[in-house]
Asker: 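Pasting a structure here, questions to come.
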Amino acid sequence: MKILVIGGGGREHAIAWKIKKSRWVSKVYCAPGNGGIDSVAQCVPIKADDIPALLDFAVENEIDLSIVGPEAPLADGIVDQFEAKGLKVFGPSKAAARLESSKVFAKMIMDKYNIPTAAYRSFDSPKDAKKYIRETGGPMVVKVDGLAAGKGAFPCEDELEALNAVETIASGVFKSAGLKILIEEYLVGEEASILAFSDGKNVIPLESAQDHKRAYDGDLGPNTGGMGAYSPAPVITEDLSSRIYDEILVPTVRAMEAEGCPYKGILYAGLMITEEGPKVIEFNCRFGDPEAQAVIPRLATDFLKPILACCDGTLDKVKLRWSRNKCVCVVLASGGYPGPYEKGHVIEGLDKLERMENMIAFHAGTKINDNGEVVSSGGRVLGITSTGSTIRETIKNTYKGVKKVSFQDSFHRKDIGKKALFHIDGM
Ligand code: AMP
Ligand code: GLY
């Protein structure tokens, strides 16, 4: 089969790398790809949101299956447009992708179908949001309704911070994504990400993962797209896993079916494990980045099987097998990220990393320059990822890999996986 992976980040590198291993796959293309993906796929210079050009490419090259990585083309209806041309594509329709593209829609679904989440109010005007903040006070989370690359949520300790967050949103930086403002109850607990395959009716959860959203060690600093991840997340016990399945995943897929927009693709539930149980912080309509880099390498079943089953509505026939190995991914970012940062710095040491066992650098913001060197080209640059039999050993080994690679002004978190160790031995 000929596969087209759409996107050009670390998640898409992990997807392309894994799908290339499938016994049914003869050729992988990636649009637009990046400086590392070209080692596993043929990169084609089409942007991930250029749906007409992607369609033409898929038709001309007789692509058998397209896998959509990022949320933007899903929210813009890439799946509807590909399917209208008879092309097979993995991902939710535009209507189903609203679970991510509109937080107000997601909240409406959760309310209507009793799916546990933070209490909330939504506002069309910053003035009304501010009035509500002054009336209620206390910790709260201010969010924009639409897509914001992981930067549209402001956890606020007090009234002043919340008012400032509304000011920021009202200044227009989020464009149309910020036209509606949500104010949520501040949930307390540990976060985890549960991703699941869904064919519209059936759901199969993937193994758990934990992201590290804040930029700096100790969960400090601004929210980012994610600075590292590990899988499995020991906070998700067997008991919690079945509660998440019964109380969140199955009801959500049933709800979307009942609403006339069956959910097909990856359903990503960002969860807070509170004292009352798991609650949804957000839904995403695609693989997480960097959760994909930590979860996908552990999948022992041929990756193509569940993906095709989601497209064909036969997920009930699939059983996933997982490696017992643990996986850790540490993101190397450009200095300044998630704010402004420089690009074009040469990355040294990737060859040394390639010689290490059970180690891979998933490329995110990289490209090859005119001299054939790999250079940084984005905020999150590389996801140094390794697998091993214990989480402790895997964390250690991943950081050995991190030490081999360098570029000017890079930074990374030094505590990826620490919470897993805390669960295991209270350290
Ligand atoms: P979101 O963009 O909704 O995924 O939020 C980004 C991050 O903000 C989450 O991963 C949490 O760390 C934090 N956050 C969002 N909503 C809440 C909430 N209701 N309570 C506590 N923290 C939250
Ligand atoms: N790691 C968070 C996300 O993919 O949205």
Side-chain angles (χ1 to χ4, degrees), residues 7-17 33-40 69 149-151 209-231 287-297 327-356 358-369 373-388 394-418:
R11 163 183 53 210
E12 288 75 23
H13 193 176
I15 293 171
W17 169 81
N34 63 35
I37 294 180
D38 64 357
S39 63
V40 289
K151 293 162 205 158
Q210 195 173 60
D211 186 11
H212 298 66
K213 289 224 166 66
R214 300 293 191 108
Y216 313 129
D217 286 9
D219 292 333
L220 297 174
N223 269 328
T224 68
M227 294 298 292
Y230 61 90
S231 172
F287 283 105
D289 187 340
E291 289 94 329
Q293 293 89 310
V295 173
I296 289 175
C327 187
V328 175
C329 168
V330 175
V331 169
L332 266 59
S334 300
Y337 174 78
Y341 53 81
E342 288 177 9
K343 297 179 186 177
H345 295 308
V346 176
I347 302 168
E348 315 270 5
L350 287 167
D351 51 332
K352 288 188 210 138
L353 202 84
E354 268 169 29
R355 291 196 285 276
M356 294 177 76
N358 302 323
M359 180 78 70
I360 180 161
F362 288 123
H363 288 227
T366 73
K367 66 175 194 180
I368 315 273
N369 70 8
E373 298 160 316
V374 182
V375 297
S376 62
S377 66
R380 292 188 292 172
V381 176
L382 294 165
I384 309 298
T385 307
S386 82
T387 51
T394 313
I395 293 169
K396 228 166 128 185
N397 201 36
T398 311
Y399 277 105
K400 267 192 204 156
V402 168
K403 283 215 178 80
K404 305 268 185 223
V405 183
S406 62
F407 57 93
Q408 195 184 315
D409 296 337
S410 83
F411 79 99
H412 62 271
R413 276 184 61 161
K414 299 186 181 58
D415 61 350
I416 304 299
K418 211 168 172 183

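Bear in mind the structure is a predicted one, so any value in this text is a computation, not a measurement. Atom set for the values below is all heavy atoms of this structure, side chains included, hydrogens, waters and symmetry mates excluded.
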Asker: Residues two or more places apart in sequence or in another chain: which of them pass side-chain hydrogen bond (donor to acceptor under 3.5 Å, both in side chains) with Ser334?
Answerer: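 None.
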Asker: Sequence neighbours left out, cut at 3.5 Å: what donor-acceptor pairs do the side chains of residues 210-220 make with other protein atoms?
Answerer:
{"unit_1": "Gln210", "atom_1": "OE1", "unit_2": "Tyr230", "atom_2": "OH", "d": "2.4"}
{"unit_1": "Gln210", "atom_1": "NE2", "unit_2": "Glu190", "atom_2": "OE2", "d": "2.8"}
{"unit_1": "Gln210", "atom_1": "NE2", "unit_2": "Glu191", "atom_2": "O", "d": "2.6"}
{"unit_1": "His212", "atom_1": "ND1", "unit_2": "Gly228", "atom_2": "O", "d": "3.0"}
{"unit_1": "His212", "atom_1": "NE2", "unit_2": "Gly417", "atom_2": "N", "d": "3.4"}
{"unit_1": "Arg214", "atom_1": "NH1", "unit_2": "Gly221", "atom_2": "O", "d": "2.9"}
{"unit_1": "Asp217", "atom_1": "OD1", "unit_2": "Lys414", "atom_2": "N", "d": "2.8"}
{"unit_1": "Asp217", "atom_1": "OD2", "unit_2": "Lys414", "atom_2": "N", "d": "3.4"}
{"unit_1": "Asp219", "atom_1": "OD1", "unit_2": "Arg413", "atom_2": "NH1", "d": "3.2"}
{"unit_1": "Asp219", "atom_1": "OD1", "unit_2": "Arg413", "atom_2": "NH2", "d": "3.0"}
{"unit_1": "Asp219", "atom_1": "OD2", "unit_2": "Lys419", "atom_2": "NZ", "d": "2.7"}

Asker: Which residues pass the side-chain hydrogen bond (donor to acceptor under 3.5 Å, both in side chains) test with Thr366, not counting sequence neighbours?
Answerer: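 Partners of Thr366 under the side-chain hydrogen bond (donor to acceptor under 3.5 Å, both in side chains) test: His363.
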Asker: Does Phe362 reach the side chain of Leu382, with side-chain heavy atoms less than 4.5 Å apart?
Answerer: no
Asker: Within the structure provided, determine whether Met356 and Asn397 are in side-chain contact (heavy-atom separation under 4.5 Å).
Answerer: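 Side chain of Met356 against side chain of Asn397, heavy atoms only: contact under 4.5 Å found.
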Asker: Identify all side-chain donor-acceptor contacts of residues 401-411 below 3.5 Å with residues at least two apart in sequence or on another chain.
Answerer:
none

Asker: When rounded to the nearest 0.5 angstrom, what distance separates CZ in Phe287 from CD1 in Ile15?
Answerer: 5.0 Å
Asker: Going from CD1 on Ile395 to NZ on Lys418, what distance comes out if it is rounded to the nearest 0.5 angstrom?
Answerer: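 One gets 10.0 Å once the value is rounded to the nearest 0.5 Å.
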Asker: Before you tell me yes or no, could you show the steps for Asp38 and Ile368 under side-chain contact (heavy atoms from CB on, under 4.5 Å), namely the whole-Å CA-CA distance, both residues' side-chain angles and the distance that decides it to 0.1 Å?
Answerer: CA-CA 10 Å; Asp38 64 357; Ile368 315 273; 4.1 Å; yes
Asker: Using side-chain hydrogen bond (donor to acceptor under 3.5 Å, both in side chains) as the criterion, list what pairs up with Ser376, not counting sequence neighbours.
Answerer: none
Asker: For residues Ala361 and His13, report the shortest heavy-atom separation together with the two atoms involved.
Answerer: O-CE1, 3.5 Å
Asker: Determine all donor-acceptor pairs shorter than 3.5 Å in which one atom belongs to a side chain in residues 339-355; sequence neighbours excluded.
Answerer:
{"unit_1": "Tyr341", "atom_1": "OH", "unit_2": "Gly379", "atom_2": "N", "d": "3.1"}
{"unit_1": "Glu342", "atom_1": "OE1", "unit_2": "His345", "atom_2": "NE2", "d": "2.9"}

Asker: With a 4.5 Å cut-off on side-chain heavy atoms, are Asn34 and Lys367 touching?
Answerer: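 Side-chain contact under 4.5 Å: no.
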Asker: Considering non-hydrogen atoms only, spot the tightest contact between Ile360 and Trp17 and give its length.
Answerer: CD1-NE1, 3.4 Å
Asker: Could you report the tightest heavy-atom contact between His412 and Val331, atom names first, then the distance?
Answerer: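 So the two residues come closest at CB-O, 3.2 Å.
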Asker: Please list, chain by chain and in numerical order, all residues satisfying side-chain hydrogen bond (donor to acceptor under 3.5 Å, both in side chains) with Thr385, sequence neighbours excluded.
Answerer: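 Listed in chain order: nothing, the list is empty.
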Asker: Kindly list each side-chain donor-acceptor pair under 3.5 angstrom involving residues 289-296, sequence neighbours excluded, with atom names and distances?
Answerer:
{"unit_1": "Asp289", "atom_1": "OD1", "unit_2": "Gln293", "atom_2": "NE2", "d": "2.8"}
{"unit_1": "Asp289", "atom_1": "OD2", "unit_2": "Arg11", "atom_2": "N", "d": "3.3"}
{"unit_1": "Glu291", "atom_1": "OE1", "unit_2": "Asp289", "atom_2": "N", "d": "3.3"}
{"unit_1": "Glu291", "atom_1": "OE2", "unit_2": "Ser193", "atom_2": "OG", "d": "2.7"}
{"unit_1": "Glu291", "atom_1": "OE2", "unit_2": "Tyr268", "atom_2": "OH", "d": "2.5"}

